[in-house]
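What follows is a single structure, written as structure tokens, with notes after it.
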Amino acid sequence: MEIQAFGYLGVGASNLDDWAAFAASNIGMQAVDRASSMRAFRMDDRKQRLFIDRAIEPGAQVFGWEVANATALDSLAARLETAGVAVKREPAELADQRCVTDLISFADPAGNRLEAFHGAQVADTAFKPGRDVSGFRTGPLGMGHTLLTFPDIDVALAFYKDLLGFRISDFMVAPLRAYFMHVNARHHSVALVAAPVRSMHHLLVEYYLLDDVGQGYDLLQGTPEKIVATLGRHPNDLMTSFYMRTPSEIYVECGWGGKEVDDTTPPVEMTSVGSFWGHKGLFEDIGAPPSAAPEIGPRRAPVQVMEGNYERMAGTCPWWDAIRGKAR
């Protein structure tokens, strides 16, 4: 299918200065100059990844999904129109505001505004984070992931899976229904969760180094009310992360060490949303029942690292080598 990555997020809000301070000082994004009615932020070499706009309905979001080129965009538009989905070819003025070459817009079954685009613009200056972080894991993986809730999860699943081409990494049918879906090697770019109302729960940003997460968590210790969920580690994407409140009614998950997936591995059914450890407060927030708590049994997995963000220790440990040998 055409969609390759979660390219950008737009948030409707009027408290632009609050968002500017939060995105730079807490997340570490770089603020860029925009019109008086909006604020925009960089995470990498792209001109923008996040924008906060007074022109968007307060509490609403815009989800930008990237395709390879104009041919892929036309193909996606044609398939949506054939399926009866209204598609708008957006003017060049909006494409310029989004810092892309061309885009279309349409709505998912719950009314979320989705935009598909190609030709994201690259900045001519180096990325300068708003706080001292090593950088964000973006590139072909996109800006991160988002979790959305839907009153009719079956219709939403059919739309994202069968029409847009998202693939299921893992899923849960009880004690709540949830589908974690990927379009590239990131474990999931969107998660669909059944709930009484439509909402966006959170945006994930993934850092290059674990220390960036820990230092961000330290920054919140003076304002503990901003912490939604404590530092913890998920069992499905293996992300070590915490969740914090934004100036709007959505959260940001700050994480490190996310698992990569491919399409050769079949979807895995989960029986618990409980983390290996930590994330206190998260599952109460999403309305998970007590039965969603972690199961008794092994709750650990090797960390997921990439070249350059770790150093291998020298030497051997006979006791540990023996334990590993028995486990094989």
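We're numbering straight along the sequence, starting at 1.
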Heavy-atom pair of closest approach, residues Arg49 and Phe6
NH1-O, 4.0 Å

Restricting to ring pair (Phe, Tyr, Trp, His ring centres under 6.0 Å), what partner residues turn up for Phe159, sequence neighbours left out?
none

Lys259 side chain to Gln304 side chain, donor-acceptor N/O pair below 3.5 angstrom
no

Determine, stepwise, if the pair Asp237 / Val261 fulfils side chain to side chain contact (heavy atoms under 4.5 Å, CB included).
CA-CA 9 Å; Asp237 66 356; Val261 296; over 6 Å; no

Hey, would you say the His279 and Phe242 ring centroids sit under 6.0 Å apart?
no

Apply side chain to side chain contact (heavy atoms under 4.5 Å, CB included) to the pair Arg198 and Asn112, showing each step before the final yes or no.
CA-CA 8 Å; Arg198 178 195 79 177; Asn112 293 302; 3.6 Å; yes

His145 and His182 aromatic centres sub-6.0 Å
no

His187: which residues meet the ring pair (Phe, Tyr, Trp, His ring centres under 6.0 Å) condition with it, sequence neighbours left out?
none

Would you say Ile227 ends up clustered with Met239 if hydrophobic residues are merged whenever their side chains have heavy atoms under 4.5 Å apart, either directly or through other cluster members?
no

Taking the ring of Trp65 and the ring of Phe106, is the distance between their centroids below 6.0 Å?
no

Taking CD in Glu225 as the centre, count heavy atoms belonging to other residues, nucleotides or ligands within less than 6.0 Å. Is the count above 12?
yes

Using modelled atom types and a 3.5 Å cut-off, is there a donor and acceptor pairing between side-chain atoms of Arg131 and backbone atoms of Asn26?
yes

Members sharing Val100's hydrophobic cluster, built from side-chain contacts under 4.5 Å between Ile, Leu, Val, Met, Phe, Trp and Tyr, are Tyr8, Met38, Phe51, Ile56, Val62, Leu94, Leu103, Phe117

Heavy-atom check, side chain of His234 versus side chain of Phe276, under 4.5 Å
no

Under the side chain to side chain donor-acceptor pair (under 3.5 Å) rule, what do Tyr179 and Arg177 come out as? Steps first, then yes or no, please.
CA-CA 7 Å; Tyr179 298 87; Arg177 290 188 64 189; 2.8 Å; yes

For Lys161, what residues pass the side chain to side chain contact (heavy atoms under 4.5 Å, CB included) criterion, not counting sequence neighbours?
Leu157, Ile168, Met181

Go through it in stages, so that I can follow the logic: the residues are Glu2 and Ser75, the test is side chain to side chain donor-acceptor pair (under 3.5 Å), and I'd like the CA-CA distance, side-chain angles, deciding distance and then a yes or no.
CA-CA 8 Å; Glu2 293 85 6; Ser75 176; 2.7 Å; yes

Can you check whether Val228 reaches Met244 side chain to side chain, under 4.5 Å on heavy atoms?
no

State yes or no: do Leu192 and Leu9 share one hydrophobic cluster built from I, L, V, M, F, W and Y residues joined by side-chain heavy-atom distances below 4.5 Å, directly or via other members?
yes

Are more than 12 heavy atoms, taken from residues, nucleotides or ligands other than Asp262, located less than 6.0 Å from that residue's CG atom?
yes

Would Val252 end up clustered with Leu141 when hydrophobic side chains under 4.5 Å apart are linked, directly or stepwise?
no

What do you reckon, are the aromatic ring centroids of Tyr160 and Phe166 less than 6.0 Å apart?
yes

Quick check on Glu269: does its CD atom have over 12 non-hydrogen neighbours (other residues, nucleotides or ligands) under 6.0 Å away?
yes

Salt-bridge test for Glu66 and Arg46: reply yes if a basic N is under 4.0 Å from a carboxylate O, no otherwise.
yes

Give the C-alpha distance, both sets of side-chain angles, the deciding distance and a yes or no for ring-ring contact (aromatic ring centres under 6.0 Å, His included) between His201 and Tyr251.
CA-CA 6 Å; His201 185 266; Tyr251 306 141; 5.1 Å; yes

Looking only at non-hydrogen atoms, find the nearest pair between Ser275 and Pro235 and report the distance.
CA-CD, 3.8 Å

Does the ring centre of His188 sit less than 6.0 Å away from the ring centre of Phe180?
yes

So side-chain hydrogen bond (donor to acceptor under 3.5 Å, both in side chains) across residues 208-221, not counting sequence neighbours, yields Ser134-Asp212

With a 4.0 Å cut-off, would you call Glu115 and Arg98 a salt bridge?
yes

For Trp256, what residues pass the ring pair (Phe, Tyr, Trp, His ring centres under 6.0 Å) criterion, not counting sequence neighbours?
none

